[in-house]
Engineer: 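Have a look at this one.
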Amino acid sequence: MGSLNSCGAFWAFTSFLAALGASVGFYLPYWLQGSLQGTTVYFGVFRRCNYPHIASGSLTPVIVNECGRYATFDDIPSLSWKIATLTIGVGCGLALLVSFVAILAVCIDGIMSPTVARSAGIFQFCAGLLIGGGVALYPNGWDSPEVNQACGNRSDAYVMGDCKFYWSFYLTAAGAGITILWSLISCHASHKKRSGPVPYTDI
């Protein structure tokens, strides 16, 4: 018999799916879609796809059709994206940790008491805020030259220009929202403690 009731089992598995979705969305670079030299380009918070490269002996940049992360943390083109990388990364790690413990509690008795469940909900709420805060901060980095070039030279902080959101952004944002909402369910996730042993008398 596990530590969680039926509501807790639902909370555990859906929390894991939300944390996994947010983590996948965070890692993949398909947050913002733009165009450069007729080629579709994508930006994440610390990765991008299809970028210009000037070959040795050439003055004209060519588009390299591959995805990758920036070489160093300092190469991330915006301070806002650097902060978002840290906050979303920490938030996803915390959300995954809570969901792993919750899934273990479905099968193993004694892991998740009501007090532990409430504490897990608090950590989960904080994780959702970190992820959501990073998602909200992401558009502040659209004033960087890299993004501006890919968005028709019309983008600015919280101004998208000719770019548009892509599916990784929505996946991460949805993961943040579900993580915050599901943290409220944690209060009802664990079996209630018994008030004490049933007294009896010898006859």
Side-chain angles (χ1 to χ4, degrees), residues 11-34 36 40-51 67-103 119-151 154-186:
W11 165 70
F13 287 112
T14 51
S15 293
F16 174 72
L17 291 177
L20 183 63
S23 300
V24 170
F26 166 60
Y27 178 74
L28 295 178
Y30 304 107
W31 283 51
L32 188 70
Q33 182 185 55
L36 194 62
T40 301
V41 297
Y42 302 97
F43 296 94
V45 284
F46 67 99
R47 301 180 78 223
R48 68 172 292 176
C49 286
N50 307 338
Y51 52 89
C67 299
R69 64 177 179 83
Y70 292 98
T72 67
F73 187 76
D74 288 336
D75 290 331
I76 296 175
S78 167
L79 176 61
S80 297
W81 288 10
K82 293 176 183 177
I83 296 172
T85 297
L86 293 175
T87 58
I88 298 174
V90 171
C92 287
L94 186 57
L96 285 171
L97 178 62
V98 171
S99 65
F100 284 147
V101 173
I103 288 177
S119 299
I122 292 172
F123 284 117
Q124 189 177 29
F125 183 78
C126 293
L129 287 181
L130 286 170
I131 299 169
V135 169
L137 187 61
Y138 177 73
N140 193 54
W142 293 345
D143 59 351
S144 67
E146 287 187 25
V147 176
N148 192 261
Q149 291 172 5
C151 298
R154 297 175 54 198
S155 70
D156 203 347
Y158 293 95
V159 178
M160 192 178 291
D162 294 337
C163 290
K164 63 180 181 180
F165 284 125
Y166 210 50
W167 64 268
S168 282
F169 176 86
Y170 295 114
L171 183 61
T172 309
I178 294 172
T179 297
I180 291 174
L181 289 176
W182 260 232
S183 67
L184 305 176
I185 302 178
S186 65

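Values reported hereafter were calculated over all heavy atoms of this structure, with side chains retained and with hydrogens, waters and symmetry mates removed. By convention here, the first residue in the shown sequence is residue 1.
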Engineer: Would you confirm whether Asn148, through its side chain, and Ser155, through its main-chain N or O, come within 3.5 Å as a donor-acceptor pair?
Structural biologist: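 Looks like yes, one N/O pair under 3.5 Å.
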Engineer: Closest heavy-atom contact between Ala18 and Ile178?
Structural biologist: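 What the structure gives for the nearest pair is CB-CG2, 3.6 Å.
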Engineer: First locate atom OH of Tyr30, then atom OH of Tyr42, and finally report the distance between them rounded to the nearest 0.5 Å.
Structural biologist: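 The OH atom of Tyr42 is 7.0 Å from OH of Tyr30, to the nearest 0.5 Å.
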Engineer: Output side-chain donor-acceptor pairs under 3.5 Å for residues 161-170, partner residues at least two apart or in another chain, one line each.
Structural biologist:
residue, atom, partner, partner atom, Å
Asp162, OD1, Arg154, NH1, 2.6
Lys164, NZ, Gln33, OE1, 3.4

Engineer: What is the minimum heavy-atom distance between Leu171 and Gly25, and which atoms define it?
Structural biologist: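 Taking Leu171 first and Gly25 second, the nearest heavy atoms are CD2-N, 3.8 Å.
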Engineer: What heavy-atom pair brings Gly141 and Val147 nearest, and what distance separates the two atoms?
Structural biologist: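 Nearest pair, atom of Gly141 first, then Val147: O-CG2, 4.2 Å.
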Engineer: Of all residues at least two apart in sequence or in a different chain, which pass the side-chain contact (heavy atoms from CB on, under 4.5 Å) check with Asn50?
Structural biologist: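 So Asn50 forms a side-chain contact (heavy atoms from CB on, under 4.5 Å) with Thr39, Val41, Ile63, Asn65.
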Engineer: If the condition is side-chain contact (heavy atoms from CB on, under 4.5 Å), which residues does Thr85 pass it with, not counting sequence neighbours?
Structural biologist: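 With neighbours one apart ignored, the set is Phe26, Val45, Phe46, Phe73, Ile76.
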Engineer: Just by distance, no angles: are the side chains of Ser186 and Gln124 close enough, under 3.5 Å, to form a donor-acceptor pair?
Structural biologist: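 No, no side-chain donor-acceptor pair sits under 3.5 Å.
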Engineer: Partners of Cys49 by disulfide bond (SG atoms under 2.5 Å apart), sequence neighbours excluded?
Structural biologist: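 Disulfide bond (SG atoms under 2.5 Å apart) check on Cys49 returns Cys67.
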Engineer: More than 12 heavy atoms of other residues, nucleotides or ligands under 6.0 Å from OH of Tyr70: is that the case?
Structural biologist: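 Yes - once you tally the heavy atoms of other residues, nucleotides and ligands closer than 6.0 Å, there are more than 12.
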Engineer: Going by the rule side-chain hydrogen bond (donor to acceptor under 3.5 Å, both in side chains), which residues pair with Tyr51 if we only count those two or more places apart in sequence or in a different chain?
Structural biologist: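 For Tyr51 the side-chain hydrogen bond (donor to acceptor under 3.5 Å, both in side chains) partners, ignoring immediate neighbours, are Glu66.
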Engineer: For Pro77 versus Ser144, what's the shortest heavy-atom pair and its separation?
Structural biologist: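 Nearest heavy atoms, Pro77 then Ser144: O-CB, 3.6 Å.
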Engineer: Rounded at 0.5 Å granularity, tell me how far SG in Cys151 sits from CG in Asp156.
Structural biologist: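 If we round to the nearest 0.5 Å, Cys151:SG and Asp156:CG are 11.0 Å apart.
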Engineer: Keeping to residues at least two apart or across chains, list the ring pair (Phe, Tyr, Trp, His ring centres under 6.0 Å) pairs with something in residues 74-101.
Structural biologist: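 Only Phe16-Phe100, Trp81-Tyr138 qualify under ring pair (Phe, Tyr, Trp, His ring centres under 6.0 Å).
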Engineer: Tell me every residue that passes side-chain contact (heavy atoms from CB on, under 4.5 Å) with Ala12, counting only those two or more places apart in sequence or in another chain.
Structural biologist: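 side-chain contact (heavy atoms from CB on, under 4.5 Å) check on Ala12 returns Leu4, Ala102, Ile103, Val106.
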Engineer: Can you pull the salt bridge (charged side-chain N to carboxylate O under 4.0 Å, His left out) pairs that have at least one residue in residues 132-147, sequence neighbours excluded?
Structural biologist: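 Sorted pair list: Arg48-Glu146.
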Engineer: Between atom CZ of Arg47 and atom CH2 of Trp31, what is the distance when rounded to the nearest 0.5 Å?
Structural biologist: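 Going from the CZ atom of Arg47 to the CH2 atom of Trp31 covers 13.0 Å.
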Engineer: Tell me, which pairs form a salt bridge (charged side-chain N to carboxylate O under 4.0 Å, His left out) where one or both residues lie in residues 88-102, sequence neighbours left out?
Structural biologist: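 Sorted result for residues 88-102: empty, none.
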Engineer: Which pair of non-hydrogen atoms, one from Val135 and one from Ala173, has the smallest distance, and what is that distance?
Structural biologist: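 Looking at all heavy atoms of both residues, the shortest contact is CG1-CB, 4.0 Å.
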Engineer: Below 3.5 Å, can you tabulate the donor-acceptor pairs from side chains in residues 87-99 to any protein atom, sequence neighbours excluded?
Structural biologist:
residue, atom, partner, partner atom, Å
Thr87, OG1, Ile83, O, 3.2
Thr87, OG1, Ala84, O, 3.2
Ser99, OG, Ala95, O, 3.2
Ser99, OG, Leu96, O, 2.8

Engineer: Could I get the full list of side-chain contact (heavy atoms from CB on, under 4.5 Å) partners for Leu129, not counting sequence neighbours?
Structural biologist: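 Per chain and number, Leu129 pairs via side-chain contact (heavy atoms from CB on, under 4.5 Å) with Phe125, Ile180.
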Engineer: Name all residues meeting the side-chain hydrogen bond (donor to acceptor under 3.5 Å, both in side chains) criterion together with Ser78; count only those two or more places apart in sequence or in a different chain, and write none if there are none.
Structural biologist: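 With neighbours one apart ignored, the set is empty.
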